[in-house]
Amino acid sequence: MTAGIYGLLGAALTGLGLYGVLVRTEPLLRILAFNLLGGGVFLVLGAIAQRGAGAGFAADPVPQAIILTGIVVAFAATTIAVALVLRLAARKDGA
Amino acid sequence: MSSLLGVAAFAVLLTLVLGLLRVLRGPAAADRIAAAQLLGTAGIAALLLWGAAADSATHADLALTLAVLAPFATIAMVRKDPGA
Amino acid sequence: MSLLADAFTVICVVAGVGFFAAGTAGLLRFPDTGSRLHALTKADHLGLGLIVLGLLPRAEALGGAFRLLAIWALVLLASAATGPLLARVAQRRDPSA
Amino acid sequence: MIVDLALVAGILALALGVLAARQAFAAVAFFIAYGLLLALAWARLGLLDVALTEAAIGAGLSGVLLLAAARRLASAPAPEDPPSGRVTRGLIGAGCTILACALGTAVLLLPEPPPGLAAEVAANQAATALGNPVASVLMAFRGLDTLLESAVLVLAVICTVALAPDDGWAGPPGAPQPLADGPLALLARLLPPLGIVVAAHIFWIGVDAPGGKFQAAAILAAMWLLPWMAGLVPAPPVGARALRVTVAAGPALFIAVGLLGAIVTGAFLAWPPGFEKPLILLVEVALTLSIAAALALLVMGPRT
């Protein structure tokens, strides 16, 4: 049941994040919304991992490993996005 | 005993969620970040209590990670721009 | 002996939770940033300290107790360093306080 | 159960706060608190490896990156797209609601028992000589994912450095930091030694319990960033050979060991039998240092 609650939270965050990415106009807020979207997807995956607990594990380790990889890759993508936004801002100033 | 620790963890978590109101209301940026730092400490306390209730050492490691990284958001906020 | 240790744990944890509640109340109710910071740094870290103290008798080994104390020390160090910084920012933004 | 509902309510409130925030600063503050609560939620779900990563990256490094960006954008805002009209927003809202409802239904309608790979992992875990199943998956069963992920980090560093303007190229990464005084300088001297010990602890327990290289690397990166943020030490120039070698060494060693596996056992990234544990630990140490250097460079960002 715990997994169900967090899975629903993940679904809600996915919808909210996607809405923010599409509707907000400030680049930094779009990046934040994109991270909310990512967090939602990870939570859905995590809920599935927890439901798949078995063989003596608290949760299915394969989705867990995928979430770990996903968090790090999402962070790398965020840093590139932030660097791009800062560069855009600096360019507009210079032009 | 462990159920009592669980209740204590819940109480700390409740203060954490109430503290969110200050993060959401502000008004100054310093208020928000200070409240976020309090949330960090409350989260550490809740994790320690959960860990003691469940006899899990990993919860304490998680609390340790949070404790090491706790000051970073605050420092990032108070750093002035070198030019300004 | 174990009953005594349990009583110690209960008293300390309950007191610690009380400090957390007081800190949060101060954070929500105090009128300006400065006093809110005061509520936060005092009550909050005393609260964590009491909880750490209460959990010490339950630590499984010396390592566990050391880890608990290290967590508290780290939080104290962090708050000692960031408290003045935050207060300076609050004063710069709000000279009336 | 009530605990979980309170956490979920808090996370949702913060997510709405991020979306509705007027200033970037407030949105980032909400996002930092959101990352903290998300780490607690992972702990409640019992996915402690993920909780540790989220605590280190979501609540720690992201805060530094985003607050610095918000501060720099406050003085020189980036160009914005024109806001979409009311009808468009309504349609987007409806679409996102449908997506969320569909996902929620999918979560609730998962088959019982849900399909999973836990049994396969349990059956083969002994072969990796690691006690932490997640570490087994990361280093052995899905080793290619981990290798590609470290390659993604190297690529991200290259992208970030390439974004520096011509006059900032090959200088130190990140905007120069003002010199700190008093409490911050003290913290920047006291915390890194403690943090490195904690990182080593988290790395070492990761062999048999939740923890491991990403988490340790994130803490190490933070410990490098702290003296830089306090203005005590300048960042080394991006062109410094030691820095480039550190960033590339982990993935390179991983590929080399993978090729060794290809020669000895006939499969790329297969660990030679009998040497699994020492080789995995060797690669993990190298990866930790590489990931830490890459994360720190990514948080500093290009010199602008």
Side-chain angles (χ1 to χ4, degrees), chain B residues 6-7 9-14 16-44 46-47 50-51 54 56-59 61-84, chain D residues 2-3 6-7 9-10 13-14 17 23 25-26 28-30 32-33 36-37 39-40 43-44 48-49 51-52 55-56 59-61 63-68 71-72 75 175-178 180 184 187-188 191 194-195 198-199 201-202 205 209-211 215 218-219 222-223 225-226 229-231:
Chain B
V7 171
F10 176 57
V12 172
L13 192 78
L14 211 61
L16 190 158
V17 174
L18 285 176
L20 282 184
L21 288 177
R22 181 52 74 194
V23 182
L24 290 171
R25 270 208 313 232
D31 285 309
R32 298 189 204 275
I33 296 289
Q37 206 186 333
L38 173 121
L39 300 188
T41 317
I44 290 169
L47 281 171
W50 278 331
S56 148
T58 306
H59 282 83
D61 286 325
L62 187 49
L64 193 60
T65 307
L66 281 179
V68 172
L69 298 172
F72 277 83
T74 314
I75 298 170
M77 198 212 86
V78 299
R79 292 281 61 205
K80 290 169 298 217
D81 254 340
Chain D
I2 312 172
V3 180
L7 255 184
L14 285 170
Q23 314 142 316
F25 253 126
V28 173
F30 299 155
I32 292 169
L36 173 79
L37 286 196
L40 293 182
R44 292 290 305 169
L48 289 162
D49 277 289
L52 271 168
L61 294 182
V64 175
L65 172 81
L66 294 169
L67 279 170
R71 193 182 51 216
R72 283 164 72 182
S75 52
Q177 299 289 306
L184 182 53
L187 184 72
L191 194 57
L194 300 174
V198 172
H201 167 73
I202 296 284
I205 59 162
Q215 297 89 338
I219 297 176
M223 291 311 125
L225 289 171
L226 185 57
M229 283 159 73

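For the numbers below, each heavy atom of this structure counts, side chains included, while hydrogens, waters and symmetry mates do not. Convention: sequence-line order gives letters A, B, ...; per-chain numbering from 1.
- Heavy-atom distances place no part of D:Leu61 under 4.5 Å from chain B, backbone and side chain included.
- Within the 4.5 angstrom heavy-atom criterion, atoms from both the backbone and the side chain of D:Ile2 approach chain B.
- Here the straight-line distance linking atom CG of D:Leu226 with atom CZ of B:Phe72 works out to 4.5 Å at 0.5 Å rounding.
- From D:His201, atom NE2 reaches atom CG of B:Leu64 across 6.0 Å, with rounding to the nearest 0.5 Å.
- Heavy-atom distances place no part of D:Ala199 under 4.5 Å from chain B, backbone and side chain included.
- Taking the side chain as every heavy atom from C-beta outward, B:Leu47 and D:Leu40 approach each other to under 4.5 Å.
- Residues D:Ile32 and B:Leu39 form no side-chain contact, since every pair of their non-hydrogen atoms from C-beta on lies 4.5 Å or further apart.
- Of all heavy-atom pairs between B:Ala73 and D:Leu67, the closest is O-CD1, 3.2 Å.
- Taking 4.5 Å as the limit, every side-chain heavy atom of B:Ile75 sits out of range of all side-chain heavy atoms of D:Val64.
- Your options are D:Ala39, D:Gly195, D:Ala26, and the one with the most heavy-atom pairs under 4.5 Å with chain B is D:Ala26.
- Heavy atoms closer than 4.5 Å to chain B are found in both the backbone and the side chain of D:Leu52.
- What you find for B:Ala76 and D:Gly63 is that their closest heavy atoms are CB-O, 4.3 Å.
- To the nearest 0.5 angstrom, B:Thr65 atom OG1 is 3.5 Å from D:Ile202 atom CD1.
- For the pair D:Leu48 and B:Asp61, the minimum side-chain heavy-atom distance is 4.5 Å or more.
- Contact between B:Leu20 and D:Gly10 at its shortest, heavy atoms only, is CD1-CA, 3.5 Å.
- For D:Gln23, the part lying under 4.5 angstrom from a heavy atom of chain B is the side chain only.
- Taking each heavy atom of B:Leu69 and D:Ala56 in turn, the nearest pair found is CD1-CA, 3.3 Å.
- Looking at B:Leu62, the atoms closer than 4.5 Å to chain D (heavy atoms on both sides) sit in the backbone and in the side chain alike.
- The CZ atom of B:Arg32 lies 4.5 Å from the CZ atom of D:Phe30; values are rounded to the nearest 0.5 Å.
- From D:Asp49, atom CG reaches atom OG1 of B:Thr58 across 8.5 Å, with rounding to the nearest 0.5 Å.
- Taking B:Ala67 as the reference, B:Ile44, C:Ile71, C:Leu74, C:Val75 meet the side-chain contact (heavy atoms from CB on, under 4.5 Å) condition, with sequence neighbours excluded.
- Two residues are said to be in side-chain contact when any heavy atoms from C-beta on lie closer than 4.5 Å; D:Leu7 and B:Leu16 fail this criterion.
- For a residue to count as touching a neighbouring chain, one of its non-hydrogen atoms must lie under 4.5 Å from one of that chain's; by this rule B:Leu13 touches chain D with the side chain only.
- For B:Gln37, the side chain to side chain donor-acceptor pair (under 3.5 Å) test picks out B:Thr74, C:Thr82, with sequence neighbours left out.
- Interface residue B:Val23: backbone and side-chain heavy atoms are both found under 4.5 Å from chain D.
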